[in-house]
Asker: 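The following block contains the structure, expressed as structure tokens.
Below, read A as the first sequence line, B as the second, and so on, with proteins coming before strands; counting in each chain starts at 1. On a predicted model such as this, the values are computed, not experimentally measured, just so you know.
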Amino acid sequence: MSTPRLVALLLACGTAHAAGPNLGQPLTHAELAAWNIHVLPDGTNLPKGTGTSAQGASVYAQKCAHCHGEAGKGAVSAALVGAPPIKSIDATKTIANFWPYPTTLFDFIRRSMPWQAPRSLSDDEVYALTAYILAQNKLIGENDVMNAETLPKVKMPNRDGFTPRFPNLMPPRSGRDL
Amino acid sequence: MEKFQPVAGNGLLDRRAFLRGGAALAAAVTGYARAEPLAEAPWSKEPGELVPAYGTPSKFEKAAVRTLSNPKGEPRTSHARTPHQLLQGTATPNGLHFTISHAGNADIDPAQHRLAIHGLVKRALVFTPETLSRYPLVSRFAFVECGGNSAPLFSPEPIQATVQAIHGLASCAEWTGVPLATLLEETGVDAKAKWVIAEGADSPHLSRSVPLEKILDDAMVALYQNSERVMPGQGYPMRLLLPGWEGNMNVKWLRRLELTEQPAMSYYESRTYAPILPSGKAYQFYFIQEVKSFITQPSVGFGMKGPGFYEISGIAYSGNGRITKVMVSADAGKTWAEAALQEPVMSKSFTRFRIPWQWNGGPAVLQSRAWDALGNVQPTRAEIVAQRGVASRVPPPTAFPSQHYNAITSWAIDANGSVRHVYA
């Protein structure tokens, strides 16, 4: 889109309602709460709560191991532990050898797992499972506590392993980008 | 008779040969074979079947179905591929549109579905499918293609599989819906907003980050697909349509759009749809489905019925705009002839190309190569492989050794008329 169009849109929106059908209903933050689950890489929108690897181990054994294998070694579904070197374009991507951000792990477990019953875990359980998987991968210590403060600070080994295909299509980076 | 002289090697004829010449001249090329005497058939001598409420294809067309990668719904992704070799034209029938679902097709009651738009907006708003249907609607054709379509061509050896298996994760439809620019005019856009994170109401709550500029350019909330409501496998009751952009970003079962300063770095953008490069780095945020074409008839599985006349036909498309030219070769790229493009040629949509061919019965290698309105040309396989690498081993036909393969596909025809997939 042309920048003038965006500017026009922003100006139009600054004041009164646009001249469209206006059939949407206003939505408050409270009404949105159950759906408001995006966690951003800088930690924005991480919920309250906390968890450790030890707590995560028991949830994992109960709710994850039958697909992802004992201790995350892999079974019918992918291994969650291990970092085989990336030596070819069809190499196996894992959390430890590929994922750039630790927040993605929390976000994905919370929105998508366990596969047959997503959104059934408490935020504490998601923090605990995140801690367990990161600790099994030796990306955090055994006793490190994961919460909204500590999780975004975890350094992922492949953090700088990416490049956009068409840099000109990427929005300009903002102060909030990591 | 001049126009029936080949215009390129191995019997390719002028694309206009049959436009003005008429059928009589076709006989000059192919010769007539004597017909059987005609008779009244059983279905001409009694009334036919009951007329159904919802029509389905003839029982003689049972082969024209999608192939399924996960027919029992095991806990993994399900793929259903479009049978290009059995279709003509450019609009994929709704039941044959490819589908990829990461945890089955959500079964959504439209009366309870909501679309929320919030984040860096002036007013967060929520819409029902019913209210969205009352907005001024727009219709447009657009192809949707999975970022992993054509991935078998990264194999070190050519995989013997049909065009459906190799290129079946791309389809094209007329989509009708509400332009997102209209809805964002009503919510207002905060000057800090740069991305829109789209989320589905399916069980993985699939989410992808889209630059705001694309959203305001030509994105729509699609409610209809080829005139009927969007199919469950396409996101009923509504999907995000990003014409020309990576299929997975066209979030199905769309329930939420959040305007942000940063991308989410969701699972599917930071891990799954990030193809590894030979350097060990990976592309992240590929966005565009680049210019591509492939021949659908003849292709693997096609029974050539001896030397004579055939029409070579296929599909071309580009996420950058309209297709401007398709060249076809019957001699593995040594010589090329320009194919006819079926009008109307539409931006970011399938374009059907055709060229007449007089097969002399000898070995031939068929290829097609497309150009788009931005001047991009479809690469050769050697070119893409030089940049993007080759898989370390021959993968199963349904695997994804990498993504975003848009180079040339080659079909070899042997003297006995069988068609093979080759690298040429």
Asker: B:Gly389, B:Ser402, B:Pro211, B:Ala391: which one forms the most heavy-atom pairs within less than 4.5 Å of chain A?
Answerer: B:Ala391

Asker: Between the side chain of A:Lys93 and the main-chain N/O of B:Ala274, is any donor-acceptor distance below 3.5 Å?
Answerer: yes

Asker: I want to check something: taking the side chain as every heavy atom from C-beta on, are B:Leu125 and A:Leu23 in contact at a cut-off of under 4.5 Å?
Answerer: no

Asker: Under 4.5 Å from any heavy atom of chain A, what part of B:Tyr286 do you find: side chain, backbone, both or neither?
Answerer: both

Asker: Using non-hydrogen atoms only, which part of B:Arg271 is less than 4.5 Å away from chain A: side chain, backbone, both, or neither?
Answerer: both

Asker: In terms of heavy-atom pairs under 4.5 Å with chain A, which of B:Ser279, B:Ala399, B:Ser270 leads?
Answerer: B:Ser270

Asker: In the structure I gave you, are the side-chain heavy atoms of B:Phe154 and A:Asp90 within less than 4.5 Å of one another anywhere?
Answerer: no

Asker: What is the minimum heavy-atom distance between A:Leu27 and B:Ala116, and which atoms define it?
Answerer: CD2-CB, 3.7 Å

Asker: Please look at A:Pro100 and chain B and tell me whether the side chain, the backbone, both or neither of the residue comes under 4.5 angstrom of a heavy atom of that chain.
Answerer: side chain

Asker: Sort A:Phe162 into side chain, backbone, both or neither according to what part of it lies under 4.5 angstrom from a heavy atom of chain B.
Answerer: both

Asker: Between A:Thr103, A:Ile37, A:Val39, who has the most heavy-atom pairs with chain B when the cutoff is under 4.5 Å?
Answerer: A:Ile37

Asker: Chain A: which of B:Ala282, B:Ala124, B:Pro401 shares the most heavy-atom pairs with it under 4.5 Å?
Answerer: B:Ala282

Asker: Within the distance-only criterion (no hydrogens, no angle test), does the side chain of B:Glu186 pair as donor or acceptor with the backbone N or O of A:Asn22 below 3.5 angstrom?
Answerer: yes

Asker: Heavy-atom count check: over 12 atoms from other residues, nucleotides or ligands less than 6.0 Å from A:Glu70 CD?
Answerer: no

Asker: Which pair of heavy atoms, one from B:Tyr135 and one from A:Gly24, lies closest together, and at what distance?
Answerer: OH-N, 3.7 Å

Asker: For the interface with chain A, which of B:Pro278, B:Ser207, B:Gly104 has the highest count of heavy-atom pairs at distances below 4.5 Å?
Answerer: B:Ser207

Asker: Any idea which heavy atoms bring B:Gly73 and A:Trp115 closest together, and the distance?
Answerer: O-CH2, 4.4 Å

Asker: Applying the side-chain contact (heavy atoms from CB on, under 4.5 Å) criterion to B:Met265, which one of A:Leu40, A:Thr104, A:Asp107 satisfies it?
Answerer: A:Thr104

Asker: Side chain, backbone, both or neither: which part of A:Ser77 has an atom under 4.5 Å from a heavy atom of chain B?
Answerer: side chain

Asker: Rounded to the nearest 0.5 Å, how far does CD of A:Gln25 lie from CZ of B:Arg123?
Answerer: 15.0 Å

Asker: With under 30° as parallel and over 60° as perpendicular, where do the rings of A:Trp99 and B:Tyr267 fit, or are they tilted in between?
Answerer: tilted

Asker: Let's go through A:Leu169 and B:Ile288 carefully: what are the C-alpha distance in whole Å and the side-chain angles of both, what is the deciding distance for side chain to side chain contact (heavy atoms under 4.5 Å, CB included) to 0.1 Å, and is it a yes or a no?
Answerer: CA-CA 9 Å; A:Leu169 294 177; B:Ile288 306 272; 3.7 Å; yes

Asker: Using non-hydrogen atoms only, which part of A:Leu32 is less than 4.5 Å away from chain B: side chain, backbone, both, or neither?
Answerer: side chain

Asker: I would like to know whether B:Arg388 and A:Ile89 meet side chain to side chain contact (heavy atoms under 4.5 Å, CB included); could you show each step before the answer?
Answerer: CA-CA 8 Å; B:Arg388 301 281 311 283; A:Ile89 63 166; 5.9 Å; no

Asker: Is the closest side-chain heavy-atom distance between A:Phe108 and B:Ser266 below 4.5 Å?
Answerer: no

Asker: Just so I know, are the side chains of A:Pro41 and B:Pro263 near enough to count as touching, which here means a heavy-atom distance under 4.5 Å?
Answerer: no

Asker: Considering only heavy atoms from C-beta outward, does the side chain of B:Glu258 approach that of A:Asn36 to under 4.5 Å?
Answerer: yes

Asker: From A:Phe166 CZ over to B:Asn320 CG, what is the distance, rounded to the nearest 0.5 angstrom?
Answerer: 6.5 Å

Asker: Picking from B:Arg76, B:His118, B:Arg134, B:His102, which has the most non-hydrogen pairs under 4.5 angstrom with chain A?
Answerer: B:His118

Asker: At a 4.5 Å cut-off on heavy atoms, which part of B:His404 comes close to chain A: side chain, backbone, both, or neither?
Answerer: neither

Asker: Between B:Arg256 and A:His38, do the side chains contain an N or O donor and an N or O acceptor separated by less than 3.5 Å?
Answerer: yes

Asker: One thing to verify: whether A:Arg165 and B:Glu290 come together as a salt bridge, which I'm taking to mean a side-chain N less than 4.0 angstrom from a carboxylate O.
Answerer: yes

Asker: Which region of A:Asn158, side chain (C-beta onward) or backbone (N, CA, C, O), has a non-hydrogen atom less than 4.5 Å from a non-hydrogen atom of chain B, or is it both or neither?
Answerer: neither

Asker: Considering only heavy atoms, which portion of B:Val390 lies under 4.5 Å from any heavy atom of chain A: side chain, backbone, both, or neither?
Answerer: backbone

Asker: If every non-hydrogen atom of A:Asp42 is compared with every non-hydrogen atom of B:Gln262, which pair is closest and at what distance?
Answerer: OD2-NE2, 2.8 Å

Asker: Do the side chain of A:Arg111 and the main chain of B:Pro204 share a donor and acceptor less than 3.5 angstrom apart?
Answerer: no

Asker: Okay, side chain of B:Lys281, backbone of A:Asp160: is any donor-acceptor separation there less than 3.5 Å?
Answerer: yes

Asker: Please give me the minimum heavy-atom distance between A:Pro118 and B:Ser203, naming the atom from each residue.
Answerer: CG-O, 3.2 Å

Asker: Report the option among A:Ala91, A:Pro85, A:Pro164, A:Pro26 that has the most heavy-atom pairs separated by less than 4.5 Å from atoms of chain B.
Answerer: A:Pro164

Asker: What part of B:Arg255 is in contact with chain A, defined as an atom under 4.5 angstrom from a non-hydrogen atom: side chain, backbone, both or neither?
Answerer: both

Asker: Taking atom CD as the centre, does B:Glu157 end up with more than 12 heavy-atom neighbours from other residues, nucleotides or ligands that are less than 6.0 angstrom away?
Answerer: no

Asker: Identify which part of B:Thr260 has an atom lying under 4.5 Å from any heavy atom of chain A, answering side chain, backbone, both or neither.
Answerer: side chain

Asker: Are A:Arg110 and B:His205 packed together at the side-chain level, in the sense that at least one heavy-atom pair is separated by less than 4.5 angstrom?
Answerer: no

